Chemist: 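Below is one structure. I have some questions about it.
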Amino acid sequence: MKQLILFISLIFISYNNLCAQSKQVQIEKVENNLIPFVSIKGSEGMNIYDRMKYYNVLGVSIAVINNYKIAWAKGYGYADTARRYLVNSETMFSAGSISKFVAAVTALKMVEEGKLNLDSPINNYLTTWKIKENDFTKRNPINLKMLLSHTGGISQSSFFGFTPDRKILPSILDILNGAPGSDNNRIVVNSEPKKEFRYSGGGLMIAQMAMMDVSKRDFETINQEKLFNVLGMKNSTFQQPLPAKFKNQTSWGYSAAPWYKGMPYIYPQQAAAGLYSTPTDIAKVFIDVQKSIIGKGKILNKSTAEKMFTSQSNVSEGGYKEQIGIGPFLLQRADNTDKDGVYFEFTGVNAGFVAYAIGSVENGNGAIIMLNTGDDFNGLGKEIRRSIAKSYNWKNFLPEEVVPVILTDDQLTNLIGRFRRSEDEVIYIRKEGNYLVEKINQSNDIICVPISKDSIVFTDFNIKGKFNLDENGNAMSLQSEYQKTPMLKMKDHEFTPTEYLLAGKYEEAKNGFRKMNMNEYQLTYFAYDLLNKKPVQLEASKAILELAEEKFPNSSIVYNRWGNYYFLIKNNELAKSNFEKALKLDPQNTEAIEMLSKF
């Protein structure tokens, strides 16, 4: 008997070791097979740590869903560089707009409970605040279905949050009313409901108010009771500011954006952007919704889940068809005809954070990826997602691999050059090994794969490009399959305004920008961006500000930027006088008020 028990124990231990080894193999496969949008046949995958360094991403957290279970979860890099905290599977990140999907799941649960209705006017459930009636709402009263599917014609696409030093945060009523201090206008219906998809964080705030009014509970409590507690989501909260108990497990946020204040922002707009969570916790929501489709979910029943995944409007078309359901976005390849090839997703972007969440409608696959950088939209996160999709054989998710054609060195050389896309936009094509590399102005490199002597595939969006060659095989122009006219190859003496600017030829640059008729916000943002580049572009910024003042001598924001310029070069006298002029032109100029308080 003892021998039998020992034998069974050994089998059990061996099985567990085998499973652990198998999981480790899958993790390493994902970590070493990051790929661009289009995979090149025969090319090697990229390593996650190398790509983190390339994109300057400090911390990443991943949870992989396979067969309706969390296959594994793992953290990479730093959650907080100052405190030297490493990312682990319990590190919480700002989830951004993934908040909207989670809030939609809770709202649909309340529909099942009979507390809300998808098709009845939402004003029937709002008691604390009402949508103002106008011609749009008279024709089509706004309902919860419209709010959750962004088809209600509601204002306020996004919210920008507040720095932690903000002493008084707006309430949900302040946000809905656009009260002073909310930093947004009143949430209204300002286009035809049900006509089209129009992304609206304001719509989710109306849904949040209705959920609070009918339940007579705060939003955090509603989600704790109906979702978090049921699914064991111990590391999730909508509470803003964050509760003290989570202080040591939340990631810091990072961004190189010039407006970013170097600290995680507070989002009192809870349903739209306020969720803090982990990939593991968000994966639990995705898995439960996937199980609901087969009638095994804890939160929603099968009928509700089917409604959730029913398209309410088209969003975009191209290589992928994107639609909006009641809560999630629905995604599938344009050529997909298989129900197993349909996915639901949501992306979150808050100050200092980016997050990606995706799941298959059928078969229980998916991935949640959270990063503590606000600068990685469509970069590292999607490379990781593609590696997971490839490693776990997601049905019809990735584009077909591109089979490259090997061109001679001379043939590749004949294709390189500068191709003018617009007045101030250049496509640079250079040769690197057996491939070409595209760079749009000062953006990141994009690999281009030759598929014939005059055609390439841009691997960022699976778009084909065709060169028009002269009789000697030299490129004269380049045209993508979606462009109506070709981009002509630029002469050696031909330059865009930005090229002149970066070359220090400021008068030529200003002449070029004058012809573009840029507005005051375009010019001043350009100047501000130059002031915040590393290394700082002082003279280039000064040239743009001179042009901005010439064109808009009575613009408050122009003198804000002059104030920034002089403050940076430590000329406090001129900095102060420019901020004073900005405030005189606009007495509500909060930036000028804040900067003047420093003198």
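Remember, it's a predicted structure, so these values are computed and weren't measured experimentally.
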Chemist: Would you please name every residue forming a salt bridge (charged side-chain N to carboxylate O under 4.0 Å, His left out) with Glu539, sequence neighbours left out?
Modeler: none
Chemist: Mind checking salt bridge (charged side-chain N to carboxylate O under 4.0 Å, His left out) for Glu520 and listing every partner two or more places apart, or none if nothing turns up?
Modeler: none
Chemist: For Glu383, which residues count as a salt bridge (charged side-chain N to carboxylate O under 4.0 Å, His left out) partner, sequence neighbours excluded?
Modeler: Arg51
Chemist: Any pair with a residue in residues 83-103 that passes salt bridge (Lys or Arg N to Asp or Glu O under 4.0 Å), sequence neighbours left out, goes on the list, sorted by first then second residue, please.
Modeler: Asp80-Arg83
Chemist: Test of understanding: with side chain to side chain donor-acceptor pair (under 3.5 Å), list the residues that count as partners of Gln240, not counting sequence neighbours.
Modeler: none
Chemist: Report the residues that fulfil side-chain contact (heavy atoms from CB on, under 4.5 Å) with Ser387, sequence neighbours left out, ordered by chain and then residue number.
Modeler: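 side-chain contact (heavy atoms from CB on, under 4.5 Å) check on Ser387 returns Val30, Asn33, Leu34, Ser391.
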Chemist: Going by the rule side chain to side chain donor-acceptor pair (under 3.5 Å), which residues pair with Thr498 if we only count those two or more places apart in sequence or in a different chain?
Modeler: Asp424
Chemist: Among residues at least two apart in sequence or on other chains, which ones pass side chain to side chain donor-acceptor pair (under 3.5 Å) with Lys542?
Modeler: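 Partners of Lys542 by the side chain to side chain donor-acceptor pair (under 3.5 Å) criterion come out as none, since no residue qualifies.
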Chemist: Classify the ring geometry between Tyr199 and Phe346 as parallel (under 30°), tilted (30 to 60°) or perpendicular (over 60°).
Modeler: tilted
Chemist: What residues, two or more places apart in sequence or in another chain, satisfy salt bridge (charged side-chain N to carboxylate O under 4.0 Å, His left out) together with Lys439?
Modeler: Asp445
Chemist: Enumerate donor-acceptor pairs with a distance under 3.5 Å from any side-chain N or O in residues 525-536 to protein atoms, sequence neighbours excluded.
Modeler:
residue : atom : partner : partner atom : Å
Tyr528  : OH   : Pro258  : O            : 3.1
Asn532  : ND2  : Tyr528  : O            : 2.7

Chemist: When rounded to the nearest 0.5 angstrom, what distance separates OG1 in Thr524 from CG in Asn560?
Modeler: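 Rounded to the nearest 0.5 Å, the OG1-CG separation comes to 8.5 Å.
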Chemist: Test: salt bridge (Lys or Arg N to Asp or Glu O under 4.0 Å). Region: residues 344-357. Which pairs qualify, not counting sequence neighbours?
Modeler: Glu345-Arg385
Chemist: List for me each residue that meets side-chain contact (heavy atoms from CB on, under 4.5 Å) alongside Gln208, sequence neighbours excluded, and say none if there are none.
Modeler: Ile172, Met205, Met212, Phe219, Gln270, Ala271
